[in-house]
Amino acid sequence: MPVDLSAEVIRNTPLSSDYNVLALSAPSIAATARPGQFVMVKVATGHDPLLRRPFSVFEVLRDRDGAPAAISLLNKRIGVSTNLIYSAQPGQRVACLGPLGRPFTVVDPPSEAWMVAGGVGLAPFASLADALAAKGTRTTLFYGARRSSELFYLDLFRAAGVALELTTEDGTLGERGRVVIPLERRLAARGRNEPVMIYACGPEGMLAATATIAMKYGRPCQVSVERIMGCGMGGCYSCVVPMRSDDGAFHHVRSCLAGPVLAGDQVRWD
């Protein structure tokens with residue numbers, strides 16, 4: 001069950017002039033959050049902005065005894081809400097509702113796990129990497145950004161035993177180009193008897209390309225979609241996603257309830 005609490009800011013770590021990671025004391029959320037779930041957050045105490053905004057749970061942080069004690073959020077400042085999160089100070093209180101949504105399905109060996117992240121779409125993969133490591137699942141992160149200065153937490157993933165395939169649009173780190181290029185190359189070379197689960201989070205165009213490539217090679221793909229959400233609990237219908245039914249007909253689902261993690265081959269991307 002989600003809980004609604006006033007979470008204290010423990011730490012605000014700037015990563016660049018636009019990105020930061022905000023740590024919130026929220027033991028009841030940290031104890032039950034699963035990879036891919038999200039929280040609805042509001043920093044302001046007034047009416048601007050009026051509504052909360054959804055953020056993936058980035059990390060589950062533990063105390064000295066190893067008990068879940070806090071969560072962190074990966075943020076890119078774009079508008080009013082994200083600017084407030086970027087400038088939040090330790091000791092400040094943040095309205096936080098969660099955990100919400102449908103999480104990733106964590107695969108077991110011998111299947112491998114390939115995570116595909118674009119920009120701030122890295123957010124759900126720190127906790128997913130931990131869950132996969134706990135199962136002993138071999139994991140690779142395909143991670144793309146515009147430039148090398150926007151590729152974050154590489155050492156965290158390396159420490160978790162995750163292999164990295166990096167791309168940048170300007171070629172300053174890793175392969176030049178889009179992150180789906182090495183993904184497709186690796187899938188084309190992979191034997192049909194070698195199972196792999198693909199997880200993706202990032203811009204919609206990247207999600208569509210990843211899902212299309214996965215279908216081309218007959219591989220399952222879970223995508224975490226990003227939608228504007230007013231409530232996070234299914235009441236406002238602002239986050240609908242067109243999906244294909246088993247009979248081929250299309251219908252809409254609320255991504256806060258049916259997702260944010262959805263089957264990539266069932267989303268209507270056009």
Side-chain angles (χ1 to χ4, degrees), residues 34-40 51-57 76 78-79 98-107 111 113-125 128 141-146 167 169 177-188 190 192 195-270:
R34 296 170 62 192
Q37 290 189 298
F38 66 97
V39 291
M40 295 293 291
L51 301 175
R52 306 188 196 205
R53 291 293 179 263
F55 286 85
S56 293
V57 174
K76 180 182 181 181
I78 299 172
L100 298 166
R102 177 177 175 267
F104 289 114
T105 299
V106 182
V107 294
S111 177
W114 292 3
M115 306 182 297
V116 186
V120 77
L122 181 71
F125 291 141
L128 179 59
L141 172 64
F142 296 80
Y143 184 16
R146 292 180 179 178
T167 67
E169 293 180 20
R178 305 288 185 176
V179 71
V180 294
I181 296 173
L183 172 68
E184 180 162 20
R185 186 169 59 241
R186 289 279 299 275
L187 282 174
R190 191 169 180 84
R192 294 296 307 161
V196 61
M197 173 64 76
I198 298 170
Y199 303 91
C201 185
E204 186 124 329
M206 188 212 81
L207 295 183
T210 301
T212 300
I213 291 169
M215 286 187 284
K216 176 180 176 181
Y217 293 95
R219 303 297 188 169
C221 177
Q222 302 176 44
V223 297
S224 178
V225 297
E226 298 181 12
R227 286 292 185 274
I228 294 173
M229 293 182 185
C231 69
M233 300 186 72
C236 67
Y237 284 78
S238 65
C239 64
V240 295
V241 176
M243 299 283 289
R244 178 176 54 82
S245 302
D246 292 338
D247 61 4
F250 286 94
H251 66 288
H252 287 82
V253 301
R254 289 166 286 179
S255 60
C256 63
L257 297 179
V261 176
L262 301 168
D265 62 346
Q266 294 180 7
V267 177
R268 181 172 180 173
W269 297 107
D270 56 4

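Since this is a predicted model, take the numbers as computed values, not measurements.
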Pairing residues for Ala258 by the side chain to side chain contact (heavy atoms under 4.5 Å, CB included) criterion, not counting sequence neighbours: Val253, Leu262

Stepwise side-chain contact (heavy atoms from CB on, under 4.5 Å) check, Leu187 with Ile198: CA-CA 10 Å; Leu187 282 174; Ile198 298 170; 3.8 Å; yes

Pairs involving residues 233-245, ordered by first then second residue, that meet salt bridge (charged side-chain N to carboxylate O under 4.0 Å, His left out) (sequence neighbours left out): none

Results of ring-ring contact (aromatic ring centres under 6.0 Å, His included) for Phe142 - residues two or more places apart only: Trp114

Test item: Trp269 side-chain N/O and Ala209 main-chain N/O as donor-acceptor pair under 3.5 Å: no

Set of residues satisfying salt bridge (charged side-chain N to carboxylate O under 4.0 Å, His left out) with respect to Arg190, sequence neighbours excluded: Glu112

Side-chain (Ser255) to main-chain (Cys239) donor-acceptor, under 3.5 angstrom: yes

Residue pairs passing the salt bridge (charged side-chain N to carboxylate O under 4.0 Å, His left out) test where at least one lies in residues 248-259, sequence neighbours excluded: none

Side chain proximity check, Leu100 to Gln37, heavy atoms < 4.5 angstrom: no

Shortest non-hydrogen contact between Met206 and Gly118, atoms and distance: SD-N, 3.5 Å

Rounded distance (nearest 0.5 Å) linking atom CD of Gln266 with atom CE of Met215: 10.5 Å

pair Phe38-Pro124: side-chain heavy atoms closer than 4.5 Å: no

Minimum-distance pair of heavy atoms, taken over all atoms of Gly234 and Cys256: N-SG, 3.1 Å

Which residues share a salt bridge (charged side-chain N to carboxylate O under 4.0 Å, His left out) with Arg102, sequence neighbours left out: none

Of all pairs that satisfy salt bridge (charged side-chain N to carboxylate O under 4.0 Å, His left out), the ones with a partner from residues 217-230, not counting sequence neighbours: Glu204-Arg227

Ala117: partners by side chain to side chain contact (heavy atoms under 4.5 Å, CB included), with sequence neighbours left out: Leu122, Phe125, Leu141, Tyr143

By side chain to side chain contact (heavy atoms under 4.5 Å, CB included) - contacts of Ser111 (at least two apart): Val107, Pro195, Met197

Arg53: side chain to side chain contact (heavy atoms under 4.5 Å, CB included) partners, not counting sequence neighbours: Leu51, Phe55, Ser81

Closest heavy-atom pair and its distance - Ala211, Gly264: CB-O, 3.6 Å

Pairs flagged by ring pair (Phe, Tyr, Trp, His ring centres under 6.0 Å) wherever residues 196-216 is involved - sequence neighbours left out: Phe104-Tyr199

Ser238 OG to Met229 CE distance, which is reported to the nearest 0.5 Å: 7.5 Å

Qualifying side chain to side chain donor-acceptor pair (under 3.5 Å) pairs, either residue in residues 208-217, two or more places apart: Glu184-Lys216, Glu184-Tyr217

Between CD on residue Gln222 and CG on residue Asp265, distance to nearest 0.5 Å: 10.5 Å

Heavy-atom side-chain contact between Arg178 and Thr167 under 4.5 Å: no

More than 12 heavy atoms from other groups under 6.0 Å of CE on Met233: no

